[in-house]
Each structure stands twice: as structure tokens, then as C-alpha cells.
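Here is the structure we will look at, set down as C-alpha cells.
Only this structure's heavy atoms are used, side chains among them; waters, hydrogens and symmetry mates stay out. Index from 1, following the sequence.
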Amino acid sequence: MDLWATPSEYDATDGSDAIVPRMTAMVQAMGLEHFSFMFLRRSSACMASLETTLHTSYPTEWIDRYTRHKYWEVDPVADLGHRTIRPFFWGQGPFLRRFAKRQRLVFEEADAFDIKYGLTIPIRGTLGELSVFNVVSSNKAHLEEVVHDTQGQLFAAAADTHELVTQEVEQADQRPQAELSRREKECLSWTLEGKTAGEIATILGISVSTVNQHASSASNKLGSLNKHHAAVQALRLNLIH
């Protein structure tokens, strides 16, 4: 079978904001639950933090937990993604036996969100960047059947997603630095310290809703997925210390 016979999921005018709705619709049409995409290694010219390249349909609670604890540093899928150029299936059971206990704990936590089995397609770009594209199912047999029947579409979607995110990262590196207010910086700084919205509200003497508003505003300015992404991005840009 020609893996590249399936037409692209995107057209030339699509931006990275098309990734989540398009890929979510694709996996749902296949009877799968989720997709995810993330860079594991940037090119030497890229300044973007890894977590800002994350695009996924995973539940927000799991995204927050994954990024807050930097699970990509121990995630078995990320680990193997660094070491192979071949697509691979992963999931509970034999796959995990080769990994350390702290790595297996990531899967145990993911299981609570019904993230059980998946296919990962590693992509190595021309500038040394590395990404992984995943499709996920709670049913191993169904996942394998879908991959057998739609591998061309999956490989094309993975390549297109890598290209779109690469373009997004390049454009972001060229954009002027965002301007954050004093309160936005304070909220992100305390978020980086692991403080909750309630704790930040008490520290700053403002309401929880105001803390959330400042965090949301900062996230929008920085183009981040959530306040945890925004805090790391702000630190990288020297907007907070």
C-alpha cells in the first residue's frame, strides 16, 4: 500500500488553529478517542518551548497535569519516540515492561482518563526537529484494525501536522514579544511556583476570578494552551523571573 496516497487533511490556507478540530473530527470518524501531537526536540534555530507545540484532544485536566509535571521527560511514548524512526503501538501490558517504574506511573495516571492504547508516528524534520503524532483508543483490537485500514490517512495527517506546527513555531519566533501587565506577570510567576488560583488570590489580595482573568489574558497574549504553558513561555521570554 502507498502510505502517501491519501490526500492531505489540510489545504494551503489552513493555519495551526485547524489542527485540533480537523484531527479530532478525523479520529472520531475512525471510532478512536483522541489524537495528540508534540515536538520532542526542536531544531537548533527554534526558540519555542516544547509544551507550546502540543496540540491534542485530550481532556484539559490531563493536559494540565502532563505539562505541569513535564511528563514528556519520562513518558514511555516520548522515550521510545526519541529512539526509533518506525511507528509503534503502545499501551498497558507488555509494552511497559521495558520502562522504569516512574515511567510506568505516567501510564497509570493516563489510564484514569481512558488513555489506554495508541499508535505513535515519529517524524524527523530536515532541521533536526523531532515530533510524535499519536492516535488513541481504549480498545486495542479496534485501534489495530483502524490503523490497518487507514494508515495512509494517518501518515499524511502526521506529516501535515508537523509541517503546520513547524510553520507556526517559525512565525512565533518572528513575532514581537508580548506585553504583559504587572498583575499578569505576578499571576504567572506564582503559577510557575506551583500555587493554585486560590493561593495566588490570597497572596495578591485579589479575588480568584480576577486571578483567572489575568492568567487567561496572559495565555491569550502568549498563544499558550493554558496558564501553565503561559508561565513557562513567559519565563523563557524573560517576562518573569
Side-chain angles (χ1 to χ4, degrees), residues 1-40 42-43 46 48-64 66-67 72 75 77-78 81 87-90 110 113-126 129-139 142-173 175 219-220 222-226 229-230 233:
M1 176 185 294
D2 182 357
L3 295 180
W4 298 98
T6 303
S8 168
E9 287 294 315
Y10 306 97
D11 63 40
T13 63
D14 274 331
S16 64
D17 56 348
I19 293 172
V20 173
R22 286 285 186 93
M23 293 297 94
T24 299
M26 182 188 77
V27 296
Q28 288 178 348
M30 294 175 175
L32 305 177
E33 276 101 87
H34 295 293
F35 91 96
S36 71
F37 173 92
M38 187 176 183
F39 270 68
L40 298 181
R42 301 165 298 183
S43 70
C46 174
S49 57
L50 293 178
E51 60 268 37
T52 61
T53 67
L54 176 64
H55 293 74
T56 183
S57 61
Y58 286 151
T60 300
E61 186 179 351
W62 175 242
I63 297 172
D64 287 346
Y66 192 94
T67 56
W72 60 84
D75 183 353
V77 172
F88 58 90
F89 287 102
W90 49 262
F113 297 90
D114 221 21
I115 301 170
K116 299 181 182 295
Y117 302 99
L119 170 78
T120 293
I121 302 173
I123 303 174
R124 284 162 168 74
T126 57
E129 72 275 18
L130 167 66
S131 68
V132 284
F133 180 90
N134 307 286
V135 289
V136 177
S137 176
S138 58
N139 186 309
H142 178 65
L143 172 67
E144 293 174 348
E145 180 181 353
V146 168
V147 172
H148 179 270
D149 293 341
T150 64
Q151 55 181 299
Q153 186 178 0
L154 291 173
F155 273 70
D160 287 339
T161 301
H162 180 97
E163 183 174 348
L164 280 176
V165 176
T166 299
Q167 292 172 356
E168 174 190 52
V169 167
E170 291 173 348
Q171 292 167 2
D173 285 344
R175 284 198 292 264
S219 296
N220 289 335
L222 294 169
S224 304
L225 269 175
N226 53 44
H229 291 173
Q233 185 77 344

Quiz item: Rounded to the nearest 0.5 Å, what separation is found between the OG atom of Ser219 and the NE2 atom of His229?
Solution: 9.0 Å
Self-check item: Beyond-backbone contact of His55 with Met38, side-chain heavy atoms, under 4.5 angstrom
Solution: no
Exercise. Please find out if less than 6.0 Å separates the ring center of His162 from that of Phe39.
Key: yes
Quiz prompt | Pairwise distance CG(Leu32) to CG(Leu119) - rounded to 0.5 angstrom | solution = 9.5 Å
Practice problem: Start with the C-alpha distance between Trp90 and Asn134, add both sets of side-chain angles, then the distance that settles side-chain contact (heavy atoms from CB on, under 4.5 Å), and finish with yes or no. | Solution: CA-CA 10 Å; Trp90 49 262; Asn134 307 286; 3.7 Å; yes
Self-check item: Considering all heavy atoms, the nearest Thr56-Ser36 contact
Solution: OG1-CB, 3.4 Å
Exercise. Quickly, which of Val146, Asn139, Val147 forms a side-chain contact (heavy atoms from CB on, under 4.5 Å) with Leu143? Name it, please.
Key: Val147
Quiz item: Do Val135 and Leu154 have side-chain heavy atoms sitting under 4.5 Å apart?
Solution: yes
Quiz item: Between CD of Glu33 and CG of Asp114, what distance do you get to the nearest 0.5 Å?
Solution: 6.0 Å
Practice problem: Of all the heavy-atom pairs spanning Ile123 and Ala158, show the shortest one and how long it is. | Solution: CD1-O, 3.0 Å
Quiz prompt | Spacing of Tyr58 atom OH and Asp64 atom CG [to the nearest 0.5 Å] | solution = 14.5 Å
Practice problem: Among Thr24, Val136, Val27, find the residue that satisfies the side-chain contact (heavy atoms from CB on, under 4.5 Å) test when tested with His34. | Solution: Val136
Quiz item: Going through the distances and angles, do Ser131 and Phe37 end up as a side-chain contact (heavy atoms from CB on, under 4.5 Å)?
Solution: CA-CA 7 Å; Ser131 68; Phe37 173 92; 3.3 Å; yes
Quiz item: Hey, mind stepping through Phe35 and Val20 against side-chain contact (heavy atoms from CB on, under 4.5 Å) and telling me if it holds?
Solution: CA-CA 8 Å; Phe35 91 96; Val20 173; 4.2 Å; yes
Quiz item: Which class fits the ring pair Trp62 and Phe113: parallel under 30°, tilted 30 to 60°, perpendicular over 60°?
Solution: tilted
Quiz prompt | Nearest heavy atoms of Pro122 and Leu130, plus distance in Å | solution = CB-CD1, 4.5 Å
Exercise. In sequence, state the C-alpha distance, the side-chain angles, and the governing distance for Met23 and Phe133, and then conclude on side-chain contact (heavy atoms from CB on, under 4.5 Å).
Key: CA-CA 11 Å; Met23 293 297 94; Phe133 180 90; 3.7 Å; yes
Quiz item: Measuring from Met26:CE to Ser57:OG, what's the distance to the nearest 0.5 Å?
Solution: 10.0 Å
Quiz item: Tell me, do Tyr66 and Trp72 make a side-chain contact under 4.5 Å, heavy atoms counted?
Solution: yes
Quiz item: Distance from Glu61 atom CD to Asn226 atom CG, nearest 0.5 Å?
Solution: 12.5 Å
